[in-house]
Structures are given as C-alpha cells and as structure tokens.
There are 2 protein chains.
Amino acid sequence: MAVTIYDVAREANVSMATVSRVVNGNQNVKPATRKKVLDCIERLGYRPNAVARGLASKKTTTVGVIVPDISISFYSELARGVADIATMYEYNIILSNSDERTVREVELIEDHLGKQVDGMIFMSDSISDEVRKEMATANIPIVLAGTLDVEKQLPSVNIDYEEAAYMAVKKLIDSGHKRIVFASGPFTRDINRASKKVGYIRALEEAGLPVEEELIIELDNSYDTAYQNWHRIAELPGKPNAIVATNDRIAVGILNGLRDNGLSVPEDYEIICFEHSNMARVVRPQLTSIVVPLYDLGAVAMRLLTKLMDGEEVSEEQVILPFRLEERDSMKK
Amino acid sequence: MAVTIYDVAREANVSMATVSRVVNGNQNVKPATRKKVLDCIERLGYRPNAVARGLASKKTTTVGVIVPDISISFYSELARGVADIATMYEYNIILSNSDERTVREVELIEDHLGKQVDGMIFMSDSISDEVRKEMATANIPIVLAGTLDVEKQLPSVNIDYEEAAYMAVKKLIDSGHKRIVFASGPFTRDINRASKKVGYIRALEEAGLPVEEELIIELDNSYDTAYQNWHRIAELPGKPNAIVATNDRIAVGILNGLRDNGLSVPEDYEIICFEHSNMARVVRPQLTSIVVPLYDLGAVAMRLLTKLMDGEEVSEEQVILPFRLEERDSMKK
DNA sequence: CTGAAAGCGCTAACAG
DNA sequence: CTGTTAGCGCTTTCAG
C-alpha cells in the first residue's frame with residue numbers, strides 16, 4: 001500500500017490538513033511544523049495522489065490533446081509547442097490520435113471529458129457538426145490549434161490560410177505563370193475548401209486569369225498518394241508547370257514523384273509548398289514555401305487555453321499568427 | 001454540476017450499485033433493469049467520472065509515455081505505435097517530453113506516478129542511475145521502447161543495434177571500403193557507446209581493418225549539427241568516403257551538408273543510414289539504410305506493458321525485433 | 001438480481 | 001497557525 005497523507009500526518013504528529021497545507025505551499029504553517037512535515041514526507045517517500053486530489057478539488061491539471069496523427073510532422077511540431085507551454089503551467093497532456101475520423105473525434109472528446117481534463121486542444125482539418133455538438137456539452141474550454149472554425153465561434157490559433165494561399169499563388173503569377181496547378185487535400189475539409197482554395201481563386205481572378213477546374217487536383221493528405229499522382233500533373237493538357245500544394249506531404253510527394261521520374265524542379269516545374277515542417281525542410285531542392293509557425297501555433301493555443309481555464313478575460317479568442325513566404329530553390333530566380 | 005451516478009440511480013429508482021453494474025457491464029442485472037438504467041443514462045447525459053473511478057478502483061486506465069522529443073520523427077512514429085495499441089486496450093496516454101535530460105526524466109517519472117498511471121513506456125538513448133532508481137520506486141510496470149538497458153534488467157523492446165551497426169559497416173567493407181567514418185550521437189549515451197559503436201568496431205576488426213579514432217565523429221543528435229559538420233568529414237586526412245551514421249538526423253544532416261557544398265552521394269561519399277523514419281524516407285538520393293521497425297517497436301512495447309499490467313506471465317521481457325538492411329541509392333551499385 | 005455501506009486519498013470550509 | 005469534518009463520485013464487499 002502506498003503511503004498516504006494520513007501516514008505522514010501520524011508520523012509528524014499533525015493533522016492531515018497541515019500536511020495538505022505543506023504539500024500545497026499554503027503559507028499558514030509555522031516553519032518548524034513545515035520542516036517536520038517535510039522531513040516525514042521525505043522519510044516515508046510520500047507522493048501525493050493526483051487522482052484523489054483531482055476528485056476533491058475538481059481539477060486534474062491535465063489537458064486533452066486530440067490530433068489527427070502524431071507521426072505526421074506538422075502535428076508533432078504543433079504538439080511539442082503545446083507540451084512545452086503545458087509543462088510551464090504544470091499541466092499534463094493526454095494525447096490521442098483521431099485520424100480525422102469524425103466518429104473517433106467524438107469518442108475521444110467524450111473520453112477525455114470523462115477523464116475530467118481541465119481543458120482541451122483540438123486539431124483537425126475540419127470541424128463536423130457532431131464534433132461541434134460534442135464540444136458544446138463540455139463545461140471546459142477547448143482551443144483549436146492550426147484548425148479552422150468556419151463559424152468563427154470556437155477559440156482558436158491559426159494563420160490566415162486564405163491569405164497565405166493567395167500569396168503563394170500570386171508569387172507564381174508574378175513570376176509569369178498563367179496556369180497554376182492547385183494540389184490540395186480533400187475539399188470535404190474546411191481548411192482546403194473554405195480557405196486555401198478561396199485564396200487560390202482570388203489570386204487567379206485578381207490577375208484576370210481563368211479558374212481551370214482541371215488544374216485543381218484533389219488528393220488525400222498522404223505523401224504516398226501525392227507521390228503516386230505526379231503523373232496526373234505531368235499529363236495535364238497544355239503542361240502547366242507551376243504547382244502550389246496545400247501542405248508539406250503533398251508538396252514533397254509531388255516533388256519526389258516528379259524527380260524520380262526524370263523531371264526537374266524548378267526547371268520543369270516550379271513548386272510552392274505550404275507549412276514547411278521538418279519533413280519539408282530536409283528535401284532538395286529546398287522548397288520555396290509558406291512557412292507556418294508550427295511550434296508557435298501549438299504554444300500560443302496552449303497559452304490561450306491556460307487563460308481560459310483560469311477564467312481570465314481574453315480580448316480576442318480567434319488568434320491569427322503571422323506567416324511568411326520564404327524563397328528558396330523550387331522556383332527559378 | 002455534472003450528473004452523477006446518484007442522479008441516474010434516483011431517476012431509475014435503483015441503487016447506485018446497480019447503475020455501477022450497468023455501466024461496467026456486470027452481467028448480474030436483469031435485462032429490464034438494465035434497459036431502464038441505460039435509458040436514464042442516455043436521457044440525463046450521464047458520463048462516468050474516471051477520476052472518481054480511479055480513486056475507488058485504484059486503476060486509471062492511463063499509461064505514461066516519456067519521450068525525448070515528440071517532434072523528432074523517430075519518436076513520433078514510435079509513439080503512434082504505442083498509442084494505437086493503447087487505444088486497442090482502452091488506455092489513455094499521458095505524453096511528456098524529457099529532452100533526454102536526466103533531471104527532467106526523473107521529475108516526469110515522479111509526476112506520472114503521482115497521476116497514478118497504471119504503467120509506463122520510457123524512451124531515451126541511455127538510462128542513468130537516477131532514472132533507474134526512480135523506476136525502482138514505482139509499483140507499476142515500466143517498459144522501455146527503442147531504449148537500451150545495458151544491465152538487461154528492465155522490460156524492453158528493441159532491435160539488436162550492435163548487430164545492425166555491424167551489418168551496416170560490413171556492407172561498406174564488402175563493397176571495398178577500408179576507412180569508414182562513424183558519425184555518431186554522443187558516446188555518453190549507452191545506445192551509441194555500448195552498442196552501435198561496438199558493432200562498428202567488431203566489423204572493422206573482423207575484417208582486419210584498423211580502428212582509426214579520427215574517423216569516429218561524435219555529434220549531438222540534431223540534424224542541424226550534423227548539417228554544419230559535413231566539413232569535418234570532408235577534411236579528414238586521406239579523404240575516407242564511406243559513412244555510417246547512427247541515426248536519421250545525423251545521416252540526413254550530413255547528406256545535405258555534403259550535397260549543398262557541391263559533393264555528391266554516392267559518387268563522392270557513400271552513406272548508410274540508421275532508422276529510416278519518415279524524415280529519411282523523403283530525401284534523395286534514397287538512403288541505403290538499416291530499417292528499424294519504429295511503429296512496431298512502440299506497438300510491441302505497449303502490448304508487453306498491457307500483459308505486465310494484467311499480471312500475465314511473460315516468458316521474455318527483453319524483446320528483440322528483427323530489422324533489415326535496405327539497399328537504395330546512397331551506395332554505388 | 002439488488003441494495004446498503006464503507007471506503008479510495010485528498011481538499012476545503014469552518015472552528016478554534 | 002492547526003485540527004475537525006464533510007464530502008468529491010465511484011467501486012466493492014457483504015447481505016439478502
């Protein structure tokens with residue numbers, strides 16, 4: 001049997017309340033008593049039971065983090081940002097993978113709520129109605145990280161994806177391209193349909209260029225699929241040779257697909273990538289890219305969550321972080 | 001106030017014990033009663049409080065996972081394996097980053113134990129005495145994943161790193177190399193000093209080749225450091241042109257450093273990489289490499305942990321998984 | 001098949 | 001500055 005607060009109290013000849021005060025840093029304890037208690041704690045190897053504490057105090061100092069897939073570097077970098085700030089504020093993290101399946105997302109939220117997390121960080125390319133409904137039943141704050149809420153209701157931390165896409169496309173247009181392939185993740189996902197694609201179209205229209213449906217290529221978000229689909233781009237009529245990808249996995253997949261089949265970047269194709277996670281950082285040629293501050297997205301989201309959990313007044317719950325376009329070698333100079 | 005088991009009991013005109021039985025799938029409940037209770041649960045939106053349950057049952061169905069840095073793909077892929085099996089057995093995961101700092105590792109183990117995790121998965125390149133001592137105070141099973149215990153005491157899941165290093169070096173020797181650079185992570189870490197380096201030396205000696213200290217290059221484990229240190233290899237007397245790296249970050253860092261400075265792989269340098277995580281998978285030329293089954297390492301470790309937590313008899317607590325050497329394009333054919 | 005009752009280990013008033 | 005006393009919401013005997 002593990003040693004409890006009672007054992008310490010008995011050993012130190014004080015009440016459990018006093019031990020509790022010492023453990024929780026309450027100042028109303030005479031230094032001598034404090035020392036005596038601390039000694040007993042040390043001697044007995046007492047370790048406070050966070051579960052009992054959680055039950056009594058109704059706070060678990062634990063936050064739930066739901067992520068599509070932690071093995072994808074975009075999410076693992078975000079998660080690291082979340083984790084560091086969580087540590088700073090002494091929260092633990094319960095991490096779960098949803099694979100972006102709505103059913104699973106709902107299950108996980110339910111599950112985390114059952115564990116009595118004090119707050120939650122949620123990541124996905126889209127918020128379904130079911131998820132939205134589930135979140136509404138929660139009595140704890142939930143912050144979206146790198147996740148778009150088209151209804152602009154939920155607290156969130158993002159960059160302006162539409163503007164970023166617009167800027168990427170414009171970059172290509174400015175360097176002379178008139179036909180730009182938009183290699184995107186599923187349009188069933190808000191972030192692609194309602195944001196990045198909108199930016200793509202806006203840039204085109206603003207330049208007086210036609211929106212050609214055949215240049216819009218919908219893929220899933222996997223590297224492998226993008227890799228295998230290089231030829232869909234290569235076989236496009238009129239051979240458009242500029243590509244903007246909605247994320248790293250797609251950009252790098254296409255880049256490698258093209259190169260492994262004898263085509264060159266940027267000579268044959270110019271590519272702009274989105275995100276620039278560690279995965280994209282190591283490929284060559286280095287990718288001209290929208291650099292999303294992944295770590296910061298996670299860190300700021302967690303910081304926002306701490307404020308919400310503490311009941312602090314937050315002036316703006318929809319945080320937009322800056323991004324930048326970095327020119328490297330996947331476009332001609 | 002959230003709805004409790006009492007509310008459901010009152011609503012259904014049964015005792016809380018009966019509600020508990022229904023919730024926990026105990027068969028000793030008359031179908032009619034069960035249905036009545038289930039209806040009330042549904043109607044009231046009752047959600048069992050896992051914290052209270054944990055306190056009463058002394059099981060939290062939560063396991064702690066301590067990882068050096070989740071944003072490193074090696075670890076995030078291992079973590080995904082752990083998470084999937086955890087989900088399968090209905091465990092949640094508390095994930096924490098240690099940055100491989102002993103002090104932090106000890107703190108985290110203490111912290112997770114306080115949270116009453118039912119078991120733990122631990123990852124690091126070395127197990128310090130402090131960590132070992134801390135683990136000894138735990139009354140729960142702890143399994144090492146991708147983490148070497150030189151004392152062979154703790155339950156663990158690994159590949160045979162020494163044999164893998166031996167095989168990598170032998171591969172280079174067999175293709176004619178006599179001077180092979182060993183680009184390694186810190187030798188303060190067991191996995192490098194007591195295992196991979198041992199394999200390197202064994203291969204050399206077996207081939208009657210001298211062990212040249214100057215060819216053994218100690219780096220930290222970061223991509224950036226390796227990238228910046230390409231010249232240490234390029235400037236080596238006699239220009240050895242075969243390299244074996246102890247992990248992906250080092251291999252890819254050196255590869256890119258070399259290439260960005262006008263050298264070619266495999267023409268100027270032949271490289272064998274270790275791990276082959278997603279990060280290594282996307283670089284070109286594709287790396288001839290020791291392929292470590294990352295996901296499986298995590299999955300098997302978690303499976304082992306479930307057995308240990310269930311008190312099942314385990315025939316072998318030191319699991320060694322197979323690895324393979326895959327030939328690709330960072331060596332001449 | 002069901003209910004009563006005793007905790008699990010700790011926090012948080014409330015007294016003193 | 002310290003002790004007493006209720007719970008927190010649930011599991012788990014033990015009876016019946």
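Below, chains carry the letters A, B, ... as their sequence lines are ordered, and counting in each starts from 1.
- The side chain of B:Arg53 places an N or O atom within less than 4.0 Å of a non-bridging phosphate oxygen (OP1 or OP2) of D:dT11.
- A close approach under 4.0 Å does not occur between any side-chain nitrogen or oxygen of B:Asn28 and OP1 or OP2 of C:dT2.
- The nearest heavy atom of DNA chain D to A:Arg34 and to A:Tyr6 marks one nucleotide each, and the one closer to the 5' end goes with A:Arg34.
- Backbone-only contact: B:Val14 has heavy atoms under 4.0 Å from sugar-phosphate atoms and none from a base.
- Contact annotation: A:Tyr46 reaches the phosphate of C:dC10 (side-chain N/O to OP1 or OP2, under 4.0 Å).
- Between the NZ atom of A:Lys35 and the C1' atom of D:dC1 there is a distance of 19 Å, given to the nearest Å.
- Residue pairs meeting the salt bridge (Lys or Arg N to Asp or Glu O under 4.0 Å) criterion with at least one member in residues 120-147 of chain A, sequence neighbours excluded: A:Arg132-A:Asp149, A:Arg132-A:Glu151, A:Glu134-B:Arg47.
- Phosphate proximity of D:dT2 to A:Thr33: present, with a side-chain N or O under 4.0 Å from OP1 or OP2.
- Regarding contacts with the backbone of C:dA4, every side-chain N or O of B:Ser15 stays at 4.0 angstrom or more from both OP1 and OP2.
- Ranked by how close their nearest DNA chain D nucleotide is to the 5' end, B:Ala50 and B:Arg21 are led by B:Ala50.
- Regarding A:Leu55, its CG atom lies at a distance of 8 Å from the C1' atom of D:dC10, rounded to whole Å.
- Ion pairing between B:Lys35 and B:Asp39 holds under the 4.0 Å rule for side-chain N and carboxylate O.
- Counting to the nearest Å, the P atom of C:dG9 and the CG atom of A:Asn24 are 17 Å from each other.
- One interatomic measurement links the two molecules: CE of B:Met16 to P of C:dA6, which rounds to 13 Å at whole-angstrom precision.
- Between C:dC8 and A:Thr4, no contact under 4.0 Å exists linking OP1 or OP2 to a side-chain N or O.
- A:Ser20 has a side-chain polar atom (N or O) that falls below the 4.0 Å cut-off from OP1 or OP2 of C:dT11.
- For B:Asn49, no side-chain nitrogen or oxygen approaches OP1 or OP2 of D:dC8 to under 4.0 Å.
- Nucleotide D:dG9 holds its P atom 9 Å from the CD atom of A:Gln116, rounded to whole Å.
- Regarding contacts with the backbone of C:dG9, a side-chain N or O of B:Lys58 is found under 4.0 angstrom from either OP1 or OP2.
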